[in-house]
Amino acid sequence: MSRLPDRTLLTRCEIFVYFGVYIAYIVVGLYKIYGLRDHIAKEAKFQFPDGWRFYPLSQRRRDDSNDELENFGDFIASFWPFYLLHACVQGFIRWKCPRLQCLGFIGVCALALSVNLDWTSMVLLVTLIASYYLVSLLPLKCLVWLLSAGWILCINVMQKNVWWTDRVGYTEYVLVIVTMSWSVLRGCSYSLSKMGAKEEDLRRYSLIQYLGYAMYFPCLTYGPIISYQRFAARKENEEQNWLGFVGGVLRSAIWWLVMQCALHYFYIHYMSRDVRMVEMMDSVFWQHSAGYFMGQFFFLYYVVTYGLGIAFALQDGIPAPNRPRCIGRIHFYSDMWKYFDEGLYEFLFQHIYAELCGKRSSAAAKFGATALTFAFVFVWHGCYTYVLIWSILNFLCLAAEKVFKTFTSMPEYQRWTQRHLGAVGAQRLYAMLATQLFIPAAFSNVYFIGGQEIGDFLMRGAYLSGVGNYLALCFCSYCFFQCSELLLTKSVGRSKTKTY
């Protein structure tokens with residue numbers, strides 16, 4: 001059975017109910033979070049800063065409890081001239097001498113870092129970037145992974161180094177740690193790709209090309225990760241689309257403004273840090289909506305940060321990954337990995353999973369490869385308990401999804417459902433069963449976004465708050481699943497129409 005239902009199977013009334021429940025739950029849930037704004041501001045463990053200086057935001061306080069968002073704002077405030085410089089330099093180089101593009105990448109990044117960073121930070125970044133080029137000269141993939149393990153260990157040690165943190169300050173500490181983490185992936189991508197390249201393609205792996213890749217400023221600190229194959233496939237002589245570039249940058253800026261304005265009225269970031277605020281909601285049923293909006297604000301953050309890097313990459317002729325897909329349109333967890341962060345998915349699939357198994361490998365080999373992939377995800381994100389729980393739940397949800405899809409694709413299952421339930425009933429049963437995978441997969445993300453305490457709280461609320469609550473959650477999740485499936489069917493149909 002296809003995962004995509006035929007929309008003609010469902011009546012308009014049924015589709016109306018699905019979307020009605022979906023929209024109503026989101027609207028009411030958001031209103032209830034809005035209603036808690038004054039209680040949260042009063043009960044918060046620290047005082048929120050004053051809102052922006054124009055009415056009506058000046059009458060509110062702004063939720064500044066998301067460190068990543070605040071750090072990104074500080075980064076842009078300090079480095080925006082270098083984004084502008086990058087665009088101007090690349091515009092001139094692409095116009096006059098495209099073959100110097102990588103030198104332009106290197107020059108702007110070197111200037112940005114040398115002006116803003118302490119010499120100790122510069123030494124760390126230079127050493128990391130140089131080490132991957134040196135290890136790529138030896139055709140041993142195991143050395144690349146040993147080097148990566150060493151750098152990940154170094155990053156974890158640095159996070160606890162009080163002397164260095166006090167020397168450079170918190171803002172630079174965050175910038176360097178995040179940049180080093182992304183640089184490990186870029187170094188791996190370059191080194192492993194070079195080792196698997198054909199003899200005639202090795203000219204694309206020169207030192208200048210590597211430094212241009214490793215020091216590509218728009219994606220240096222806030223991503224997304226762009227594979228070296230994508231970078232090497234850039235079109236240096238292609239005419240620049242300045243209108244599309246400005247539109248991409250404005251899109252990120254507008255979403256940043258929307259999110260900042262929303263944080264004057266919806267203190268969802270603080271709710272993800274203090275479980276007491278979630279407990280204030282009317283009932284367990286509406287507490288689930290807090291988890292949903294934690295995910296949506298998390299998504300918006302990456303729309304802004306990744307969107308900015310992608311806009312610059314496309315302008316520079318680099319075939320960048322797609323922007324993150326809205327989590328409201330993702331109902332199978334495998335799609336979360338494929339379409340939320342395409343760059344990271346490509347890296348994990350190409351350099352870890354595909355190296356350990358192939359299409360014809362046994363189920364045990366595939367499960368083992370998946371487990372090792374998530375082991376890397378856990379270590380790379382930081383060896384924290386909440387990341388471990390999130391990684392394990394990710395693995396279990398993906399494994400269960402694979403079993404589910406294998407089971408529902410069996411001819412015996414399809415014949416039985418078609419004979420006893422008909423086409424419409426079979427589709428509904430498919431959605432009902434898939435909903436049982438959707439619920440734990442959705443709540444697993446809360447561990448990564450908010451931490452273990454809030455994750456445990458919402459997971460207990462979902463499964464240990466009585467049959468009535470669980471049935472209500474299942475019904476709403478079933479409607480969400482059907483809506484997402486219908487939207488996916490429509491988008492796939494539209495893509496096929498364009499192809500024809």
Side-chain angles (χ1 to χ4, degrees), residues 1-22 325 327-339 345 349 353-354 357-371 393-444 462-463 467 470-497 499-500:
M1 176 180 178
S2 172
R3 60 169 286 180
L4 300 177
D6 185 351
R7 286 170 44 187
T8 60
L9 295 177
L10 306 177
T11 65
R12 289 186 177 181
C13 181
E14 186 174 352
I15 294 174
F16 178 80
V17 170
Y18 294 150
F19 280 95
V21 171
Y22 193 168
R325 178 181 290 183
I327 64 169
R329 293 178 53 215
I330 295 176
H331 51 293
F332 277 114
Y333 206 73
S334 57
D335 288 347
M336 179 68 80
W337 278 99
K338 290 178 183 177
Y339 302 119
Y345 171 78
F349 182 84
Y353 182 85
C357 69
K359 289 185 177 180
R360 298 183 179 180
S361 299
S362 65
K366 291 180 178 179
F367 283 132
T370 303
L393 288 175
N394 271 229
F395 168 72
L396 293 176
C397 288
L398 286 176
E401 181 184 321
K402 181 65 176 177
V403 173
F404 167 76
K405 289 182 176 179
T406 301
F407 172 71
T408 55
S409 64
M410 294 171 60
E412 296 83 357
Y413 170 84
Q414 295 184 11
R415 284 196 298 268
W416 186 90
T417 54
Q418 290 290 332
R419 183 169 61 250
H420 292 87
L421 303 176
V424 179
Q427 194 281 323
R428 291 171 183 155
L429 177 63
Y430 181 82
M432 289 178 186
L433 294 175
T435 296
Q436 304 310 309
L437 301 176
F438 171 76
I439 293 173
F443 281 111
S444 70
Y463 289 102
V467 175
Y470 187 71
L471 291 176
L473 175 62
C474 285
F475 175 68
C476 289
S477 299
Y478 170 78
C479 293
F480 293 176
F481 184 94
Q482 290 283 37
C483 290
S484 182
E485 193 88 329
L486 289 163
L487 290 171
L488 181 59
T489 306
K490 185 176 181 179
S491 65
V492 170
R494 190 184 300 117
S495 299
K496 289 182 179 178
T497 301
T499 303
Y500 292 136

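Note: hydrogens, waters and symmetry copies are ignored here, and every other heavy atom, side chains too, is used. Predicted, not measured: the structure shown is a model, and the values here were computed from it.
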Over all atoms of both residues, closest heavy-atom pair of [X] and [Y]:
X	Y	result
Q418	A426	NE2-CB, 4.2 Å
A371	F395	N-CE1, 3.7 Å
L429	Y413	CD2-OH, 3.7 Å
S444	A441	OG-O, 2.6 Å
E401	L437	CA-CD1, 3.7 Å
C397	P440	SG-C, 4.1 Å

[X] side chain near [Y] side chain, heavy-atom distance below 4.5 Å:
X	Y	value
Q436	C474	yes
Y463	I439	yes
Y478	V21	no
F332	F481	yes

Straight-line distance of [X] [atom1] to [Y] [atom2], nearest 0.5 Å:
X	Y	atom1	atom2	value
F475	M432	CZ	CE	9.5 Å
T435	Q482	OG1	CD	7.5 Å
M410	T417	CE	OG1	11.5 Å
K359	S361	NZ	OG	11.5 Å
L488	R325	CG	CZ	6.0 Å
Y22	C476	OH	SG	11.5 Å

Just wondering, more than 12 heavy atoms not from R419 lying within 6.0 Å of its CZ?
-> yes
In terms of heavy-atom contacts, does NZ of K402 have more than 12 from other residues, nucleotides or ligands at under 6.0 Å?
-> no
With ring centroids as reference points, do H331 and F438 lie under 6.0 angstrom apart?
-> no
Aromatic centroids of Y430 and F404 separated by under 6.0 Å = yes
Can you sort out the partners of Y333 under side-chain hydrogen bond (donor to acceptor under 3.5 Å, both in side chains), two or more places apart, ordered by chain and number?
-> N394, N445
Which residues share a side-chain hydrogen bond (donor to acceptor under 3.5 Å, both in side chains) with Y353, sequence neighbours left out | none
